[in-house]
Every structure is written in C-alpha cells, then in structure tokens.
Amino acid sequence: MHKRTIIYRGNLKSCNYSCFYCPFAKHRALPVEMEKDRQSFERFCDSIEKRTQAFSIGAVFITPYGEASIHRWYWEGLSRLAEIHEIDRVGMQTNLSFSVEKCLKVFDPCGGTFSGRGSFREKLCIWATFHPEMTTVDEFVSKCHKLVKNNVMVCAGAVGVPENIQLLRELREKLSPVVYLWINKMDGLKRNYSPDEIEAFSQIDPFFEYELKNPDAAVQMCADRCFVEADGKIHTCNISRTKDINWYDGSEEEIFEPVCSRKRCTCYLAYGGRADFALGNIFGEYSICRIPKKFRAIFFDLDGTLIPARRRVDGGLSVQMREKLAALREVSPIFLATTMPEADVKRRLKADMDLFQGFIFASGGYLCLKDENGQKEKVYSIDISGLSEVIEFGESVKAKCAVSGKNGAAYKVTLIKGHHSVWKDTECDRMTELLKGANCRFFIEGNCLQIVSRDRDKGAGIEEMCGWLGISAGDVLAVGNDKEDAAMERVCGAFLDVTHPVNATDPGRQH
C-alpha cells in the first residue's frame, strides 16, 4: 500500500478577491464563522497527529472554497503537520494573496529544520491560481518566484478562458521553468474548444489534453485517498458522494473503502489522485499536489522540441528557450538526445552547446559526456564499405549522401532528398533489402533517410549515459515529439510528449 493522501475542506466560504463569477467573493464572513472554521481545522489537525502512523498518511492538502492562506490558523496547522516525521507533503490551494515573509515565519516550526531531512519548507506545496481580474502577471510571478527561492514547491495555473490565451502565454514566459503552469478546462464555455485553442493551451500546459479526456470512473483506483469536510463528513474525492461514516468515528477500513457514484472523473482533484493516473510518473506519489518530481537528469530532443521542426536558420536557440534551459539546469543536469550528427548540432546551436552536460548524437550512434575529468565519448560505427549499393541507390532517387563520423569511424549515413520530396514505400522496401544482414537500421524524418548502428537508439544511449553518471534511467525525464523519441519513453522513468500539430516532425517509418 502506498502512503495515503488526505484532502481537507473547511467551513470557509469567504474570499478576499472579488471575482464577479465567484459566490465566495460575495460573502463576508462573521467573526463567529471564522472562529468555527479555525476550531474545525484545529480538530482535524489533532486527528491527523493521532492517526498518521496507523493510517499511513503521507500528504495533507487543503482545498478551500474561499481563500484560506490569509488566515493564520491554516499556516499554524500546516506547520504542525509538517513536524510529523511520516508526513512528506503539506499544502493548499491559494490565490497567492498572502505575505510570503509573514506566513512562512508562522509556518516554520522550531527554526524550520528537522534532523537529517532538510527544511520543513521542502514539505510545503503551494497550488497557486492566477486570477487576471485581481492581479497582474508580474505580481503573480514575483510571488511564485519568492516562494521557490524560499525552498517551497509551487505549481501555478489558471482557467482556460480562450480570451486569456495571450495573457497566459505571457505568464508561462515569465514564470521560471521549474514552476509547472497548468490550465484547467473552463466550465460553462457552452461549446467545445476549437483545435487552435486546444493547441494554444497545450503549448502553455503540455498536459492540457488530460483536462479534456474525463476518464471513466474506476473506484478501485481510489483506495489511498480521502476527502474530509469540516464536520467530518468524508468522500473518496471531492466529487464523489458522501459516505455513511464520519472521519472522527469511522475505522480505517470504513474511511478508506472507496465509494463513488460518478460515471466520469471530471476535474483534476478527481482524476489526478487515482492510482492509475497517467501522469503519475511525472508528478510522483503525491500527484494531487500537481508538483512535478525532481529528476536526476533531463534529456531533450532537439528538432521539433527545442527548435521548430527542420528549421533552416542556424545560430542557436530562441532567447526564451535559452533562458528556460539555463534556469532548468540549476535544478537538474540537462542533456541532448537527437537524431542529428554532431556537426549539424554544433551548426544549429553554436554557443548554446554549453548549456548541455552531455549529448546523444545520431540516435545513440555517438555519445559524449562532459564531466570534471574532461570528456568521455563512445562511437558506434557502421561499416560504410558495405554501403556502396545504398549510396548508388540514393543517387538513383536523387538523394545526396552525407557521412558523419568521429575519430575515423562513421556512425551515421544520411540520404537527403529535395526539401519537399518524400521517401516512397517502394524506396523504403528497397532500402530494407539492401541493408539486410548489415549492422545498420534506418528511419525516415521528412526528406531524410538516416542510417545508424542496428542496436542503437536514443533509449540505448540514455541507458549507457546514465551508467556513466551512476544514476538510474528510472530517475530521468525525457522530452520529445516524434516516433524516434519513443525509445526514450521505453527506458526513462518519465516521458513528456510535446507533439503539437504546428511543429511536429513527420512520423516517418522505422526499420
């Protein structure tokens, strides 16, 4: 059994923001209501302190109707829970209107450290929602960055209002790349999102598609979580029906027996807490907090991922991409895994090569790692002496031949047709015949037929480089966008597919 996640929602039904569509903005709570909310939350924290070990609780997350972060007792309560050794995560949803300095001072218990495990702040997760009606991009970003600098885990997000696409693009550009920006589906849109809107939101949030899928409910996937209300009423999740027993009276078996009458999981708090959540390898054991895991290394595809697909202009990354990668490598080492040979990558990236600690060129045909001892490299050569027929065939279909090598050994042969030409099925079949028995394989990207060592691909390259680094590929994130990147998904602990219709490379064929 995994550690369990408990979500709490108190009596609070007031907010310091005045968004026109929100009922909680219109309610001004009386002192007696605030006192009731405080007492309810303290009672809940008392129960967590008593039950953490027995119930195997690993995370407690506050999802208020109103705004909880402006009330001192929530920070005091989270502080108490953070002191519990067995609890790994505490956090809350917020509009980010609180004072970071004052609230972290309240949160930090006993100086904010605990023996052998770092700062209590490293347990704190803030789910920050951007309200463009009430704050500016710069104010919101400044607060996010202040939290990150104070060792607090942060994710940020907003509702996917089509009219706000450009504003949300600006938000994504200004946020640090270590802060995941999510987009929630807009309820009440009264129409489906257009393909262009889906594409725009997916470029801001690479996981936006999951907001549109609404998976079928599967109650058996929800045994490790519980949603608790102020009076102790419990649900399996925020949208499931109320159970017949109470948090304060029920047994462990009763409390965590999953019950659901829904047909579909229609919000993140519902589908993101399931044991079979598709992005569990990205967000980790406590995926409900929406904070991506920290990875030991990140491998990026180049063409179509870091630069537009088959871009003709050379000279480096965009300013925005360069800044993102520079910030990201402060958190985790970054590497390049590309189908291109070394010479092409150098021509395209120029000085931006220095951003990366290592390279997998030609789908694993040549590996290069920079470390404190200098440079380590390995070439997987192909026998070009046996490729004369291949080269002749290429010439017969008007394809230019380029041989890429290192230290006197060829590791890739590329047959390049005209810019708008494609490789026909009959030509690919002929190539398969010509390479039969050779130590090679080939694959197609656009107008290029590329030949590399038979047993090499990006996945094999990552496994070998992870061996050099002394880490497991299971602790690695790979980012790519086409068929040749599937090998990275095969071996890595997590894979982020950034395929978008406007820049995806041709799926191609593999042999």
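Proximity of a side-chain donor or acceptor of E285 to a complementary backbone N or O of K3 within less than 3.5 Å is detected. Proximity of a side-chain donor or acceptor of T135 to a complementary backbone N or O of H131 within less than 3.5 Å is not detected. A distance-only check finds a donor-acceptor pair linking the side chain of R264 to the backbone of N214 [under 3.5 Å]. Put simply, the side chain of S332 gets close to the backbone of F295: a donor and an acceptor are under 3.5 Å apart. Side-chain N or O atoms of K293 include one that pairs as donor or acceptor with a backbone N or O of N281 at under 3.5 Å. Panel note: side chain E67, backbone Y17; no donor-acceptor pair is recorded below 3.5 Å. The closest donor-acceptor contact from the side chain of Y193 to the backbone of M186 lies under 3.5 Å. In this structure, the side chain of K412 does not engage the main chain of A362 through any donor-acceptor pair within 3.5 Å. With hydrogens and angles ignored, the 3.5 Å screen pairs no side-chain donor or acceptor of D475 with any backbone N or O of R296. A donor-acceptor distance shorter than 3.5 angstrom exists from the side chain of N150 to the backbone of K146, with no hydrogens or angles considered.
Rounded to the nearest 0.5 Å, atoms CG (D344) and OG1 (T414) are 7.5 Å apart. To the nearest 0.5 Å, atoms CG (L124) and CG (N151) are separated by 10.5 Å. Taken to the nearest 0.5 Å, the CD1 atom of I183 stands 7.5 Å off from the CG atom of L171. For the atom pair C222 SG and D276 CG, the distance stands at 7.5 Å (nearest 0.5 Å). Interatomic distance, I382 CD1 to S453 OG, rounded to the nearest 0.5 Å: 7.5 Å. The line from CG of D303 to OG1 of T338 is 7.0 Å long, rounded to the nearest 0.5 Å.
You'll find the side chain of F356 reaches within 4.5 Å of the side chain of I334, heavy atoms only. Annotation: side chain of N95 is not in contact with side chain of T129 (no heavy-atom distance under 4.5 Å). Using a 4.5 Å heavy-atom threshold, the side chains of R329 and L355 count as touching. Looking only at side-chain heavy atoms (C-beta outward), F130 and L168 come within less than 4.5 Å of each other. Residues C428 and I444 have side chains in contact (heavy-atom distance under 4.5 Å, counting atoms from C-beta outward). In this structure the side chain of V390 never reaches within 4.5 angstrom of the side chain of F442, judged on heavy atoms. Counting heavy atoms from C-beta outward, C237 and L269 have side chains that stay 4.5 Å or more apart. Side-chain atoms of R89 and I291, non-hydrogen and from C-beta on, never get closer than 4.5 Å to each other.
Using a 4.0 Å cut-off between charged nitrogen and carboxylate oxygen, E122 and K294 do not count as a salt-bridge pair. Between K398 and E427 there is no salt bridge, since none of the side-chain N atoms of the basic residue sits less than 4.0 Å from a carboxylate O of the acidic one. A salt bridge links D457 with R490: the distance from a Lys NZ or Arg NE/NH1/NH2 to an Asp or Glu carboxylate oxygen falls below 4.0 Å.
Remark: the S194 side chain and the D196 side chain contain no N/O donor-acceptor pair separated by less than 3.5 Å. In this model, a donor atom of one side chain and an acceptor atom of the other lie less than 3.5 Å apart for E199 and Q203.
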V345 and M353: CA distance, side-chain angles, deciding distance, side chain to side chain contact (heavy atoms under 4.5 Å, CB included) verdict: CA-CA 8 Å; V345 174; M353 293 280 287; 3.4 Å; yes
Between Y286 and H2, does the side chain to side chain contact (heavy atoms under 4.5 Å, CB included) criterion hold? Intermediate values first, please. CA-CA 10 Å; Y286 307 112; H2 293 94; over 6 Å; no
Determine whether V452 and Y411 satisfy the following criterion, side chain to side chain contact (heavy atoms under 4.5 Å, CB included), listing intermediate values before the conclusion. CA-CA 6 Å; V452 297; Y411 61 81; over 6 Å; no
Residues F283, Y180; criterion ring pair (Phe, Tyr, Trp, His ring centres under 6.0 Å); working and verdict: CA-CA 10 Å; F283 292 103; Y180 165 51; 5.5 Å; yes
Go through the steps for I360 and L336 under the test side chain to side chain contact (heavy atoms under 4.5 Å, CB included), then give the verdict. CA-CA 6 Å; I360 296 171; L336 199 66; over 6 Å; no
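The shortest non-hydrogen separation linking E197 to P162 is OE2-CB, 3.4 Å. Here the closest heavy-atom approach between residue A128 and residue L96 is recorded as CB-CD1, 3.6 Å. What you find for K417 and V397 is that their closest heavy atoms are CE-O, 3.8 Å. Across F495 and D485, no two heavy atoms sit closer than the pair CE1-O, 3.7 Å. Between L387 and C440, the shortest heavy-atom contact is CD2-SG, 4.5 Å. Here the closest non-hydrogen pair linking F207 and I282 is CZ-CG2, 3.9 Å.
In this structure, R9 forms no cation-pi arrangement with F227, as its terminal cationic atom is not both closer than 6.0 Å to the ring centre and no more than 45° off the ring axis. Judged by the 6.0 Å distance and 45° axis criteria, K370 is not positioned over the aromatic ring of F359. Cation-pi geometry between R456 and Y380 is met: the NZ or CZ atom falls under 6.0 Å from the ring centre, inside 45° of the normal.
Applying the side-chain contact (heavy atoms from CB on, under 4.5 Å) rule to V479 yields the partners I298, F300, T305, L477, L496, V498; only residues at least two apart in sequence or on another chain are considered.
Heavy atoms of other residues, nucleotides or ligands lying less than 6.0 angstrom from NZ of K400 number 12 at most.
In this structure, the ring of F61 has its center less than 6.0 angstrom from the ring center of W127.
Aromatic ring pairs are classed by plane angle as parallel below 30°, tilted from 30° to 60° and perpendicular above 60°; the pair Y366 and F361 is parallel. Classification of the F277-Y210 ring pair by plane angle, with boundaries at 30° and 60°, yields perpendicular. F299 and F335 have parallel rings, their planes meeting at less than 30° on a 0 to 90° scale where 60° marks the start of perpendicular.
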